[in-house]
Every structure is written in C-alpha cells, then in structure tokens.
Chemist: 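Once you've had a glance at the structure underneath, I'll fire off some questions.
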Amino acid sequence: MSEFAFRKSSRLLAGHEFQRVFADAKYKISHRHLLILARPNTLARPRLGLVIGKKNIRLAVQRNRIKRHIRDSFRLRQHNLPHVDVIVLARRELDQLSDEKLQSLLDKQWARLCQQVSRDRLPCAN
RNA sequence: GGAGUCGGCUCGGCAGUCGCUGUGUUUGCGGCUCGGUAACUCACUUGUGUGUUGCCGGGCGAUUCGCGGAGGAAAGUCCGGGCUCCAUAGGGCAGGGCGCCAGGUAACGCCUGGGGGGCGUGAGCCUACGGAAAGUGCAACAGAAAGGAAACCGCCCGACUGUUCUUCGGAAUGAUCGGGUAAGGGUGAAAAGGUGCGGUAAGAGCGCACCGCGCAGCUGGUAACAGUCUGCGGCGAUGGUAAACCCCGUCCGGAGCAAGACCAAAUAGGGAUCCAAUGGCGUGGCCCGCGCUGGAUCCGGGUAGGUCGCUUGAGGUGCAUGGUGACAUGCAUCCCAGAUGAAUGACUGUCCCAGACAGAACCCGGCUUAUCGGCCGACUCCACUU
RNA sequence: UGGGGUGUAGCCAAGCGGUAAGGCAGCGGGUUUUGAUCCCGUCACGCGGAGGUUCGAAUCCUCCCACCCCAG
C-alpha cells in the first residue's frame with residue numbers, strides 16, 4: 001500500500017460518524033474562510049469529512065475545486081497528523097481564494113491542529 | 001482589402017511525480033465473511049441444534065498490468081416524451097396549454113418549407129399571426145359626443161325682433177327661437193375611408209375619377225394565400241381591446257428514481273374510549289367507475305441500513321438512396337462517466353495565439369440564459385487592381 | 001436532486017388594469033418651562049430586473065435575478 005493513498009477507510013462515510021464529531025468536537029480551529037472540527041478516534045490513522053455548503057459557496061465548480069484541494073492537502077499530510085476524525089467546513093467567500101493561497105491556508109490550519117493536539121500530549125508525529 | 005450575414009466544428013498542448021473512480025486481468029491467500037456438503041465432538045426431546053476441520057462456490061479487502069472517466073450549455077426547470085407506481089388510465093364536469101398553412105417527429109410550445117406583416121441598399125433578420133357580422137364587459141382624465149351615437153364653437157336657412165345705412169326695393173349686423181350640416185376648430189390613444197373635380201343655402205360617397213375597403217365568382221396553389229382578372233356594393237352594413245371574460249379548433253389522468261422492487265435487521269402486531277359497512281383509504285379539484293379494507297382519537301413502544309433501478313440508447317460514426325429541407329430508410333462499424341459524505345484531480349517543468357462560461361446524479365428531444373477566443377465553409381455590400 | 005412559494009419606503013404591509021392606502025421609525029414644525037403624549041406637514045427618479053400586450057401595467061404575458069420553505 002502506497003503511503004499517500006486516500007481510500008474510503010480514510011474518510012468519514014456515514015451520517016452518525018459526522019454527528020459524533022459535531023456532538024463532541026474536542027478541537028476547534030476557526031478561520032475567516034473555514035472551520036475545522038476534530039475528535040480523537042481509535043484507529044491508526046486520521047479520517048477526513050467535508051461540509052461544503054451550497055449556501056456559502058454558490059457554484060458547483062467552486063465547491064468541487066475546494067473539496068479537491070482539501071482532500072489532496074489532507075492526503076499528502078496524513079502521516080503528519082494525529083489520529084483524529086476531522087471535519088472541514090467551508091465558510092463564505094472561500095471560493096475567492098486562488099489555488100496557491102488555498103494550499104498555504106490549509107498548511108497553516110493543519111499545523112494549528114497539531115499544536116492543539118500535542119498540547120494534550122496525544123500521539124503526533126510532528 | 002474593408003464592412004457584414006448565415007451555418008458548422010473546437011474550448012489549452014506536451015512531459016514527469018503523487019492520487020480518485022468504474023471495469024477487465026495477474027498473484028497470493030498462511031486475511032475476513034456467506035452458502036452448500038462431508039467427517040468428528042458435545043447436548044438431549046433421537047433427528048435436530050452447537051462447535052472444530054476439510055472440500056466446492058460466491059462476496060469483501062489487498063496486489064500486478066491494461067483500458068474508460070463531465071458539457072455545449074452538464075445550468076434555469078420553461079415545454080415534450082420514455083421509464084416506474086397508482087386500474088390496462090376508462091366516462092363526465094371543472095381547470096390548463098397551444099393557435100396563419102403544410103410537413104417532420106416518440107412527442108412538443110421544437111424544427112423544416114411556404115404565406116401575410118414589419119426592418120435592412122443587400123446577403124438576411126424579426127413576427128403570441130384563429131374569431132370582435134354569438135354574447136357580456138372595459139376605455140380614468142379630457143371632450144358636445146367613446147358605439148348602431150352626438151351639434152360646444154363654427155358654417156347655412158327660416159321665424160321674430162333690435163340697431164345702422166338707404167336709391168325706400170332692400171342691404172349689413174346683433175339677440176332669441178326652430179331647423180339643416182360631420183367640411184373646419186378644439187379634446188383625446190382612438191371621433192368612422194383618402195385626394196381631386198362636380199354639386200349645394202351650407203354641406204355630406206350626394207354624384208364622378210383614381211387609390212383603398214368589403215362580398216361573390218374565376219384562375220393558380222394540397223393549403224395559408226395570391227392576382228395588371230370579372231361582377232356587385234358607396235363604404236355610418238363591419239371602430240379598438242380576446243397576453244378581459246368568452247367562442248371555435250386541437251391537446252392534456254396523477255405523481256415522480258427521495259418513482260419503484262428486493263434482501264437483512266430492529267420494533268410492534270398491546271391497552272382504553274367512541275362511532276359504524278349508504279363508512280374509510282388508494283385518488284390528484286369534484287362526480288361516476290374500479291381496487292382494497294372496519295375506522296377515529298389517546299396512552300405505550302420504536303427505526304440501521306444494503307442491493308437493484310443505473311446506463312445499449314427515439315445511441316454515435318461512415319457510406320448509399322429518397323426528399324427543396326427538417327428528416328426517413330438500408331448497409332457497415334463502434335461501445336463512449338455511472339459516482340452515492342458523492343470520482344474525473346493536485347503539484348512541477350515547458351510551449352503558445354495565455355485558456356471564457358462553467359461540473360453529470362434515471363435517461364432522451366427542444367427552448368431559454370451565461371460565455372473569452374480560435375478554425376472552416378457559403379453568401380452580400382463598398383472600394384480598388386488586372 | 002426534485003417539489004412549492006415570496007419579492008411594494010429603513011421595517012411591517014394594503015392595492016391586482018386608470019395620479020402607490022395605512023402603521024412604526026426618521027426629519028421639520030406646533031402644544032409644553034423641558035421631556036413624553038397629542039396635532040400638522042414631509043419621505044417610493046417609480047412596486048426585484050429586462051422585454052412585450054394595452055391609449056395606459058405594481059397589476060396581464062415571456063425570460064432572467066435574489067431569498068425562503070418542504071422531501072433524507
């Protein structure tokens with residue numbers, strides 16, 4: 001298995017999995033354009049879920065672009081992340097950012113997540 | 001060469017690295033799971049159940065190498081179908097769509113060809129374009145009057161009466177009353193053929209000529225309709241509005257893949273009260289009809305998904321034939337997204353004319369809206385050269 | 001994705017072919033020593049936008065835009 005794969009086991013699939021994270025979001029990272037919620041899981045890897053609402057990002061093309069960038073960024077950094085279930089929510093005007101700005105924004109947010117988790121002395125590769 | 005019209009095609013290219021999804025394939029099963037079968041073990045209600053192992057088949061997960069992987073609008077959801085369930089979608093009322101003619105089509109409000117009207121020098125473009133001689137309604141304000149009319153000012157005639165002039169016959173002018181008149185003024189979006197000549201007290205299709213209009217016929221055309229055609233009608237018979245009601249013709253049953261079908265699991269199939277087989281539900285605005293069935297309220301209890309539908313189709317491409325064309329027919333050939341917390345991408349380099357609008361969700365045919373450019377073909381006008 | 005609805009002043013809204021009611025808020029004035037109450041006046045280059053029908057459109061028709069609701 002390649003170390004940068006991104007299969008279904010690395011995603012949140014069912015509705016109740018999302019509900020668990022929303023109900024008990026231990027870590028919160030807020031930004032003007034997006035919000036990250038996370039909760040430790042019992043697996044040997046992090047998992048990702050996306051909430052990109054039509055209300056905040058109107059055009060389907062932009063929603064797809066944002067989802068691809070978040071997924072790819074997560075895929076390349078999954079071994080540097082703690083074992084948590086993460087939900088990334090898009091906020092208004094996230095589609096105004098260019099590809100490069102979106103990537104650098106995501107890098108910063110992952111780093112902040114690692115900081116928050118390591119403060120709780122949970123396993124983190126960084 | 002410049003300006004323009006119509007139609008068609010296209011929507012960054014290449015290389016590398018890392019991914020996603022569908023499908024086929026390779027390998028390893030010493031991974032998980034389901035079904036069937038055989039042997040053994042244990043239990044007893046003596047032919048069933050439990051557990052272990054072997055074999056066969058299927059599925060999931062991993063792995064190797066291939067192949068396919070957004071659009072012309074995928075959009076808006078404005079129309080038309082297919083498909084599924086409700087009855088095989090049946091009768092009537094109500095309601096709604098469409099509306100020059102002919103054809104194409106599964107069907108359409110779409111397309112093609114033709115006609116009428118409008119725009120443009122032209123190629124061409126635009127066009128909700130049935131009926132107001134069946135009925136009802138509407139037209140504020142203004143205006144005399146807004147529909148089988150009507151006299152406000154004006155014009156003309158008559159009666160009566162006043163004033164002035166007088167050649168005493170009358171003439172001019174004013175008030176009042178009675179009539180004639182739709183030419184002129186003014187109002188309005190709109191006032192009921194136009195121009196000219198005649199005519200008249202003044203006028204008027206009152207008469208005539210030309211133009212326009214209506215009706216009938218003839219000719220051409222499948223038809224809409226057309227005409228250097230013929231005849232009749234003076235044309236106040238017939239104003240406008242039907243994207244007002246309406247009439248005529250024609251079409252439409254309802255819901256939608258969250259339709260619907262199957263598998264598995266969980267819960268429940270319990271209690272109380274009341275009403276009643278001309279009742280209730282399916283069923284949509286209503287009635288008939290058809291099918292199913294006791295129903296309503298309260299208390300109590302409770303939900304977990306998965307598979308199919310799901311892509312081979314009114315399909316694409318090429319050739320031939322018929323047709324002005326939309327299109328049809330025949331033959332050959334190809335398989336071209338099928339996701340489901342939802343794939344079709346990210347990064348790096350490089351080239352150029354520097355990349356617009358924008359993302360499938362059951363599937364097709366249209367319309368409408370958004371849209372930087374690029375390429376090809378046909379045609380028109382203007383200028384110039386030979 | 002499918003189905004349904006609503007847009008009128010800063011806010012709540014009536015009007016559904018004939019010059020756009022009303023209330024709250026705002027602004028100006030009056031009453032009052034001042035304030036509240038009360039009274040009077042004022043506020044829509046035009047009814048979400050663009051075309052069309054009509055003499056005339058917020059109203060009728062067509063196409064767009066924005067927002068909201070329902071179905072898991």
Side-chain angles (χ1 to χ4, degrees):
Chain A
M1 172 172 159
S2 169
E3 55 183 328
F4 294 117
F6 180 64
R7 299 182 199 293
K8 285 190 175 173
S9 53
S10 299
R11 305 181 213 163
L12 297 180
L13 296 172
H16 63 85
E17 291 176 321
F18 276 79
Q19 288 309 316
R20 268 186 33 194
V21 178
F22 281 123
D24 183 23
K26 197 159 183 173
Y27 309 110
K28 269 190 187 173
I29 287 145
S30 187
H31 183 267
R32 209 170 93 77
H33 293 311
L34 53 81
L35 172 69
I36 296 178
L37 302 176
R39 179 181 194 280
N41 65 23
T42 55
L43 302 167
R45 58 177 165 272
R47 293 193 300 175
L48 177 69
L50 297 171
V51 177
I52 314 295
K54 201 182 224 174
K55 204 167 186 177
N56 294 321
I57 287 102
R58 188 168 304 285
L59 295 177
V61 168
Q62 295 299 328
R63 287 198 300 276
N64 280 338
R65 185 173 72 90
I66 288 162
K67 285 192 274 187
R68 283 166 185 153
H69 273 98
I70 295 173
R71 268 199 295 266
D72 208 59
S73 175
F74 178 87
R75 180 175 70 80
L76 294 167
R77 299 178 172 276
Q78 55 184 315
H79 300 293
N80 299 333
L81 291 171
H83 299 159
V84 291
D85 287 347
V86 186
I87 296 181
V88 180
L89 295 93
R91 283 182 170 165
R92 199 161 293 195
E93 290 170 1
L94 182 59
D95 56 324
Q96 304 287 312
L97 271 63
S98 65
D99 287 3
E100 302 86 56
K101 283 190 174 176
L102 194 54
Q103 287 289 347
S104 64
L105 172 67
L106 287 165
D107 285 353
K108 284 180 198 160
Q109 304 313 310
W110 298 135
R112 287 177 64 191
L113 177 64
C114 283
Q115 276 181 18
Q116 278 201 17
V117 174
S118 60
R119 230 178 278 146
D120 288 358
R121 293 189 302 278
L122 273 159
C124 181
N126 269 0

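Just so it is clear: chains get the letters A, B, ... in the order the sequence lines come, proteins before strands, and each one is counted from 1. The model shown is predicted, which means the values in this text are computed figures rather than measured ones.
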Chemist: Could you list, one pair per line, each protein nitrogen or oxygen that sits under 3.5 Å from a nitrogen or oxygen of nucleotides 68-77 of chain B, together with the distance?
Modeler:
unit_1	atom_1	unit_2	atom_2	d
B:A70	N6	A:N64	ND2	3.4

Chemist: Any sub-3.5 Å donor-acceptor pair from A:R77's side-chain atoms to A:W110's backbone N or O?
Modeler: no
Chemist: Which residues in residues 93-107 of chain A have a heavy atom closer than 4.0 Å to any atom of RNA chain C?
Modeler: none
Chemist: What is the distance, to the nearest angstrom, from the CG atom on A:L59 to the P atom on B:A356?
Modeler: 14 Å
Chemist: Classify A:R71 by what it touches in the nucleic acid, base, sugar-phosphate, or nothing, heavy-atom distance under 4.0 Å.
Modeler: sugar-phosphate
Chemist: Would the base of B:C20 count as contacting A:R7 through its side chain, where contact means a donor and an acceptor less than 3.5 Å apart?
Modeler: no
Chemist: Looking at A:R47, I'd like to know whether one of its side-chain N or O atoms comes within less than 4.0 Å of OP1 or OP2 on B:G341.
Modeler: no
Chemist: Quick one: is C:U1 close enough that its OP1 or OP2 comes under 4.0 Å of any side-chain N or O from A:K54?
Modeler: yes
Chemist: Using O4'-C1'-N9-C4 for purines and O4'-C1'-N1-C2 for pyrimidines, with syn meaning within 90° of 0, is B:G72 syn or anti?
Modeler: syn
Chemist: Taking the side chain as every heavy atom from C-beta outward, state whether A:R91 and A:S30 have any pair of such atoms under 4.5 Å apart.
Modeler: yes
Chemist: Pairs under 3.5 angstrom, nitrogen or oxygen only, protein versus nucleotides 64-67 of chain C, please.
Modeler:
unit_1	atom_1	unit_2	atom_2	d
C:C67	OP1	A:R58	NH2	3.0
C:C67	OP2	A:R58	NH1	3.2

Chemist: Given B:C20, B:C18, B:G341, identify the nucleotide with an atom nearest to the side chain of A:V51.
Modeler: B:G341
Chemist: Which atom names give the shortest non-hydrogen contact between A:Q103 and A:S73, and what distance separates them?
Modeler: OE1-CB, 4.0 Å
Chemist: Would you call A:R47-A:D85 a salt bridge at under 4.0 Å N-O?
Modeler: yes
Chemist: Starting at the 5' end of RNA chain B and moving along, which residue's nearest nucleotide shows up first, A:R75 or A:L48?
Modeler: A:R75
Chemist: What is the nucleic acid contact for A:L50, judged by heavy atoms within less than 4.0 Å: base, sugar-phosphate only, or nothing?
Modeler: base
